[in-house]
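Throughout, protein chains are lettered first and strands after them, A, B, ... in sequence-line order, and every chain is numbered starting at 1. Quantities reported herein were computed from a predicted structural model and do not represent experimental measurements. Atom set for the values below is all heavy atoms of this structure, side chains included, hydrogens, waters and symmetry mates excluded.
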2 protein chains.
Amino acid sequence: MREILDIQKQLLPDLLDIMKKRYSILHHILVSGVVGRRTLASSLDMTERVLRGEVDFLKELGLLESDAAGMRITESGRQLLEDMLPIIKIAFGLTDLEESIAKAYGLSQVIVVPGDSDTSDFTKKELGRAGAAALRKYVAKDDIIAVTGGSTMAQIANNLAISSSMKGSWFVPARGGLGESVDMQANTIASIMAKKTGGKYRLLHVPDHLGEEAYQSLIQDPQIQEVVDAVRSCRIVVHGIGDAMVMARRRKVDAETTRSLQADGALAEAFGYYFDPQGNVVHKMPTVGLRLEDLQRIEVVIGVAGGKSKGEAIASVLRHGQENVLVTDEAAALEIMKHV
Amino acid sequence: MREILDIQKQLLPDLLDIMKKRYSILHHILVSGVVGRRTLASSLDMTERVLRGEVDFLKELGLLESDAAGMRITESGRQLLEDMLPIIKIAFGLTDLEESIAKAYGLSQVIVVPGDSDTSDFTKKELGRAGAAALRKYVAKDDIIAVTGGSTMAQIANNLAISSSMKGSWFVPARGGLGESVDMQANTIASIMAKKTGGKYRLLHVPDHLGEEAYQSLIQDPQIQEVVDAVRSCRIVVHGIGDAMVMARRRKVDAETTRSLQADGALAEAFGYYFDPQGNVVHKMPTVGLRLEDLQRIEVVIGVAGGKSKGEAIASVLRHGQENVLVTDEAAALEIMKHV
DNA sequence: AGACCTGGGACACAAAACGTCCATCAATAG
DNA sequence: CTATTGATGGACGTTTTGTGTCCCAGGTCT
């Protein structure tokens with residue numbers, strides 16, 4: 001049942017919008033009894049003309065009837081509304097979730113895919129697909145796109161395809177080495193994405209666990225500097241969001257830092273920064289690349305993460321307030337809504 | 001699964017057409033490997049421009065990719081096609097059935113609703129809804145519409161609603177008394193339809209089992225004659241189709257006639273005429289109204305009947321060759337296709 | 001009885017779809 | 001190595017569709 005809607009959404013992206021529109025017209029008429037066109041239009045926030053088009057259409061289908069007193073729902077229409085209820089619940093639960101989250105955190109777009117990435121590989125793939133679609137939507141000609149590492153980002157890379165709009169784009173890692181395993185780190189993801197889309201890429205080879213002195217001389221290096229400049233002038237960032245402790249463990253952060261993270265209440269991690277539940281940055285990984293202050297200037301910040309267990313972490317990063325677009329799954333979205 | 005498609009079809013009648021179009025484009029590309037726009041257009045029987053529109057759209061969604069060599073399906077696209085298979089089977093089994101029947105019997109439109117009216121009341125209602133929709137589609141201003149009796153016709157009447165296009169229409173019974181019970185007979189149906197749509201009606205009060213002499217004087221009656229003239233000049237006929245023996249029993253036809261019907265191989269019944277499997281008329285009920293020769297002149301003949309048990313009967317009436325539109329259900333449609 | 005609201009017709013204007021042609025590029029056959 | 005074929009993508013004028021805005025005649029409710 002849910003799959004069929006999801007498949008249709010792939011083939012007709014605005015199917016649900018149309019269904020929702022027509023459903024709410026019918027529903028409104030049902031609860032109003034008899035109602036006039038203009039009244040209905042203002043109450044549904046539509047122009048009179050476009051409502052009229054829909055009404056004529058629904059009348060054609062025999063779901064609606066009208067006489068001089070106004071419009072009324074027919075028996076077929078009432079029956080249809082009843083039959084639609086379960087579909088509406090499923091279909092618009094998600095869009096409602098999307099809208100609620102977007103409103104609560106001031107995002108320009110939220111995409112929620114059905115399922116739970118924690119328990120379903122299919123959902124994880126869906127998340128990647130949706131993330132790739134979001135990136136494709138926002139990218140413009142010759143953009144610089146900064147990306148992070150992680151399994152979700154790898155899924156996005158998987159779902160990118162050659163595309164003329166990304167041909168001139170540059171993919172760069174948002175920040176230098178963060179201690180991830182090689183196939184999940186930002187450098188790898190950036191190069192895969194570039195290969196998949198036909199774009200170009202530059203990498204940031206910053207070894208982990210560098211001494212302060214070596215580090216300072218490294219970031220003076222003109223080649224490194226060039227990439228860092230590119231990163232900071234990017235127009236789009238796509239990044240994953242992780243649970244702070246999980247990330248710390250995966251990156252083999254030393255015991256002292258871990259304790260300090262716990263003491264500071266670190267909950268979430270994104271591009272090497274650790275956030276507490278209120279969205280404050282409590283720690284950052286020692287490497288080069290994107291800084292927090294760069295985010296304000298960056299036009300499109302796309303966060304992609306899912307799974308019930310990550311919901312709270314996502315919420316805390318959203319609370320930090322630099323995101324524009326969120327791609328997540330249903331389970332995480334429900335968790336996010338618990339923390340508004 | 002099937003219900004959801006059916007509900008959507010009510011709210012977006014051309015949903016399936018669009019899905020079919022996009023599916024066949026993707027499918028064609030999948031089997032072709034790489035293929036050019038013009039080649040594909042001619043092979044799918046589309047103009048190049050409209051195909052291009054679809055292709056651009058599918059490319060936008062990442063289901064398709066193209067380079068100078070031609071168009072190729074992406075992994076997401078291939079996956080989608082795979083996921084779609086069950087939906088396609090269900091959705092286009094019916095449209096394929098519709099097209100096959102229309103072609104086999106030279107009908108201008110066939111509508112197949114899912115299910116079996118014999119076993120499901122829901123399907124019976126659907127049949128009524130579809131029949132009403134078909135009538136609504138073909139009716140024009142101030143038409144004369146001749147209707148017959150029967151439970152299916154009663155369902156159609158149930159699903160008609162007030163409509164400006166039928167306000168000036170006349171509903172008349174196709175033929176006089178045919179021995180049906182009062183709530184199923186053509187007179188009743190015609191008056192219900194008129195009341196439901198806001199149209200007008202004339203009735204044919206011809207008592208059953210009339211002596212020859214009384215009969216002759218009755219049909220000379222100016223008032224009766226007037227209605228009969230109206231019936232014969234109608235532009236639309238909507239009629240049910242029944243099993244010959246079932247109808248004979250229901251109408252309490254005398255034993256001798258029943259034997260004669262059996263001897264002549266009567267299989268089907270429609271508006272008082274009995275048909276053998278080859279579509280020949282082998283008997284007619286003694287009453288006034290529509291004659292077979294009138295059918296040729298009538299612009300729209302709509303037959304509505306469903307249920308697996310009626311499939312063969314429907315096929316024999318279709319074979320008679322005067323139908324334009326058939327509304328039936330899946331079970332009957334499958335039976336009909338066995339008798340081409 | 002009168003104010004109000006209804007659906008439906010009309011029309012100009014904007015936007016999308018479409019048919020058609022062409023430039024440019026890649027692959028392949030000769 | 002070159003010519004040819006068939007590919008995509010851009011461009012542009014035309015047609016169709018969708019939309020905003022009025023208005024009117026006729027019911028309806030107060």
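The backbone N or O of B/Gly199 lies less than 3.5 Å from a partner atom in the side chain of B/Thr197, making a donor-acceptor pair. Under a 3.5 Å cut-off, the side chain of A/Asp143 and the backbone N or O of A/Ile145 do not form any donor-acceptor pair. With hydrogens and angles disregarded, a donor-acceptor distance shorter than 3.5 Å links the side chain of B/Asn159 to the backbone of B/Gln155. The main-chain N or O of A/Leu107 is never found under 3.5 Å from a side-chain atom of A/Asn324 such that the two would form a donor-acceptor pair. Proximity of a side-chain donor or acceptor of B/Thr74 to a complementary backbone N or O of B/Gly62 within less than 3.5 Å is detected.
Within the 4.5 Å cutoff, no side-chain heavy atoms of A/Lys125 are placed close to those of B/Gln79. A 4.5 Å side-chain heavy-atom check between B/Cys234 and B/Ile298 finds at least one atom pair inside the cut-off.
Within the 4.0 angstrom heavy-atom criterion, only backbone atoms of the sugar-phosphate kind lie near A/Gly70; the bases stay farther away.
Rounding to whole angstrom units, CZ of residue A/Arg72 and C1' of D/dG27 are separated by 13 Å. As rounded to whole Å, 13 Å separates atom C1' of C/dA17 from atom CZ of B/Arg52. Counting to the nearest Å, the C1' atom of D/dT8 and the CG atom of B/Leu51 are 12 Å from each other.
Residues from residues 57-68 of chain B that place a heavy atom under 4.0 Å from any atom of DNA chain D, listed by number: B/Lys59, B/Ser66, B/Asp67, B/Ala68. The stretch residues 24-45 of chain B touches DNA chain D through B/Val35, B/Gly36, B/Arg37, B/Arg38, B/Thr39, each having a heavy atom within less than 4.0 Å of the strand.
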Test salt bridge (charged side-chain N to carboxylate O under 4.0 Å, His left out) on A/Asp96 and A/Lys20 and set out the steps. CA-CA 11 Å; A/Asp96 279 348; A/Lys20 186 173 196 169; 3.4 Å; yes

Step by step, work out the side chain to side chain contact (heavy atoms under 4.5 Å, CB included) result for A/Asp142 and A/Ser169. CA-CA 4 Å; A/Asp142 302 330; A/Ser169 299; over 6 Å; no

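Geometric assessment of B/Arg22 against the ring of B/Phe57 yields a positive cation-pi assignment under the 6.0 Å and 45° thresholds.
Looking only at atom types and distance, the side chain of B/Lys137 has a donor-acceptor partner in the side chain of B/Gln109 under 3.5 Å away.
In this structure, of C/dA10, D/dA11, D/dT8, it is D/dT8 that holds the atom nearest to the side chain of B/Met71.
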Nucleotides 17-20 of chain D: which of its N/O atoms have a protein N/O under 3.5 Å away?
| from | atom 1 | to | atom 2 | distance (Å) |
| --- | --- | --- | --- | --- |
| D/dG20 | OP2 | A/Thr47 | OG1 | 2.4 |
| D/dG20 | O6 | A/Arg49 | NE | 3.2 |

